[in-house]
Trainee: 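Before we start, here is the structure in question, set down as structure tokens.
Order of the sequence lines fixes the chain letters, A, B, ..., with proteins taken first and strands second; residue numbering starts at 1 for each chain. It should be emphasised that the depicted structure is a prediction, and the values quoted were computed from it without experimental measurement.
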Amino acid sequence: MARALVGKVLLHGDHVARIVETEAYLGLADAASHAFRGVTPRTGVLFGPPGHAYVYLIYGMYHCLNIVAEPEGSPGCVLIRALEVEGQPEASGKGPGRLTRAMGITLRQNGADVTRGSLTVHAPSREAKFEVAVSPRIGIKHNVDWPLRFFVAGSRSVSGPRSFNRV
DNA sequence: CAATAGATCATCT
DNA sequence: GATGATCTATTGC
């Protein structure tokens, strides 16, 4: 799922951007996942049906956007790490905290259905040609070596290290 | 480029 | 009461 979401288009209100960087979180099997410790009021949507947004506040000032990726009862999800506005690499959301700010995403979109409503994911109108690269995830303290971060190879809108292995 | 500190709050123990 | 899937600014190579 994380691999497939790279290159898709995210829509929220008037904002449109291409997803250029994602990370996978494996739920109960992944100590880095919020769902690792089981169901809580916050992680409830992770255990719900796929295709819904999981938004949370981190460090008291940034929101992070995830898409639930696995069937109901299975809490796998994909963190959206970076977006690129077409033709405006520098106006893009580079990093999970900045992209939610740029798109106007807050706790209000938590649990939103991403196949309908104001926050949606679409296939790109024009199939862009690009290669997807893989690397370990960023900013976590568990399973640091798992290659679950996916991004558009060579994109300047990607956060963090751009060195990679192709996939 | 690397290391560090500070901002700030919903959520969990 | 502690913590964190972040970002920015600043300092020191």
Trainee: Starting at CD of A:Glu23 and ending at C1' of C:dT6, how long is that distance when rounded to a whole Å?
Mentor: 12 Å
Trainee: Using whole Å, report how far CG of A:Leu107 lies from P of B:dA10.
Mentor: 8 Å
Trainee: Between A:Val134 and A:Phe151, is the side chain to side chain contact (heavy atoms under 4.5 Å, CB included) condition met? List the steps.
Mentor: CA-CA 7 Å; A:Val134 192; A:Phe151 56 99; over 6 Å; no
Trainee: Strictly below 4.0 Å, N to O, side chains only: are A:Arg137 and A:Asp30 in salt-bridge contact?
Mentor: yes
Trainee: Judged by each residue's nearest nucleotide on DNA chain C, which is more toward the 5′ side, A:Arg98 or A:Val78?
Mentor: A:Val78
Trainee: Please give, in whole Å, the distance from C:dG4 C1' to A:Ile138 CD1?
Mentor: 16 Å
Trainee: What is the separation between atom NZ on A:Lys94 and atom C1' on C:dT8, rounded to the nearest whole Å?
Mentor: 14 Å
Trainee: Taking all non-hydrogen atoms of both residues, which atom of A:Ala35 and which atom of A:Pro75 are closest, and how far apart?
Mentor: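 Closest approach of A:Ala35 to A:Pro75: CB-CB, 3.4 Å.
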Trainee: Residues from residues 43-63 of chain A sitting under 4.0 Å of DNA chain B, heavy atoms only?
Mentor: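 Output list: A:Leu57, A:Tyr59, A:Gly60, A:Met61.
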Trainee: List the steps, then state whether ring pair (Phe, Tyr, Trp, His ring centres under 6.0 Å) holds for A:His63 with A:Tyr56.
Mentor: CA-CA 5 Å; A:His63 298 275; A:Tyr56 65 93; 8.8 Å; no
Trainee: What's the CZ-P distance between A:Arg37 and B:dT11, to the nearest Å?
Mentor: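 Computing the A:Arg37:CZ to B:dT11:P distance gives 17 Å.
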Trainee: Please report, rounded to the nearest Å, how far the P atom of C:dC7 is from the CG atom of A:Leu99.
Mentor: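 Going from A:Leu99 (CG) to C:dC7 (P), I get 8 Å.
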Trainee: Which whole-number value in Å describes the distance from A:Trp146 CH2 to C:dA5 P?
Mentor: 15 Å
Trainee: Of all the choices, C:dT8, B:dA10, C:dT6, which nucleotide is nearest to the side chain of A:Arg81 once you look at every atom?
Mentor: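 Of all the options, the side chain of A:Arg81 is nearest to C:dT6.
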Trainee: A:Val6 and side chain to side chain contact (heavy atoms under 4.5 Å, CB included): which single residue from A:Val152, A:Ile80, A:Val78 fits?
Mentor: A:Val152
Trainee: Pairs under 3.5 angstrom only: tabulate donor-acceptor contacts from the side chains of residues 8-24 of chain A to other protein residues two or more places apart or in another chain.
Mentor:
residue: A:Lys8; atom: NZ; partner: A:Ala4; partner atom: O; Å: 3.1
residue: A:His12; atom: ND1; partner: A:Met103; partner atom: O; Å: 2.7
residue: A:Arg18; atom: NH2; partner: A:Glu84; partner atom: OE1; Å: 3.0
residue: A:Glu21; atom: OE1; partner: A:Ser159; partner atom: N; Å: 2.7
residue: A:Glu21; atom: OE1; partner: A:Ser159; partner atom: OG; Å: 3.0
residue: A:Glu21; atom: OE2; partner: A:Arg81; partner atom: NE; Å: 3.1
residue: A:Glu21; atom: OE2; partner: A:Arg149; partner atom: NE; Å: 2.7
residue: A:Glu21; atom: OE2; partner: A:Arg149; partner atom: NH2; Å: 3.0
residue: A:Glu21; atom: OE2; partner: A:Ser159; partner atom: OG; Å: 3.1
residue: A:Thr22; atom: OG1; partner: A:Ala2; partner atom: O; Å: 2.9
residue: A:Glu23; atom: OE1; partner: A:Tyr25; partner atom: OH; Å: 2.8
residue: A:Glu23; atom: OE2; partner: A:Ile138; partner atom: N; Å: 2.9

Trainee: Looking only at heavy atoms, what is the nearest atom pair of A:Leu65 and A:Ala53, with distance?
Mentor: CD1-CB, 4.0 Å
Trainee: In terms of side-chain heavy atoms of A:Arg42, which of C:dC7, C:dA5, B:dT11 is nearest?
Mentor: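 Per side-chain heavy atoms of A:Arg42, the pick is B:dT11.
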Trainee: Restricting to non-hydrogen atoms, name the atom on A:Leu46 and the atom on A:Val68 that form the minimum distance, rounded to 0.1 Å.
Mentor: O-CG1, 3.8 Å
Trainee: So, does A:Arg149 get its side chain near the phosphate of C:dA5, meaning an N or O under 4.0 Å from OP1 or OP2?
Mentor: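 Indeed not, no polar side-chain atom of A:Arg149 lies that close.
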Trainee: Let me check I have this right: for DNA chain C, each base becomes ., (, ), [, ] or |, based on Watson-Crick or G-U pairs with both distances under 3.5 Å. What is the full string?
Mentor: ||||.|||||||.
Trainee: Report yes if the side chains of A:Tyr62 and A:Arg98 come closer than 4.5 Å at any heavy-atom pair, otherwise no.
Mentor: no
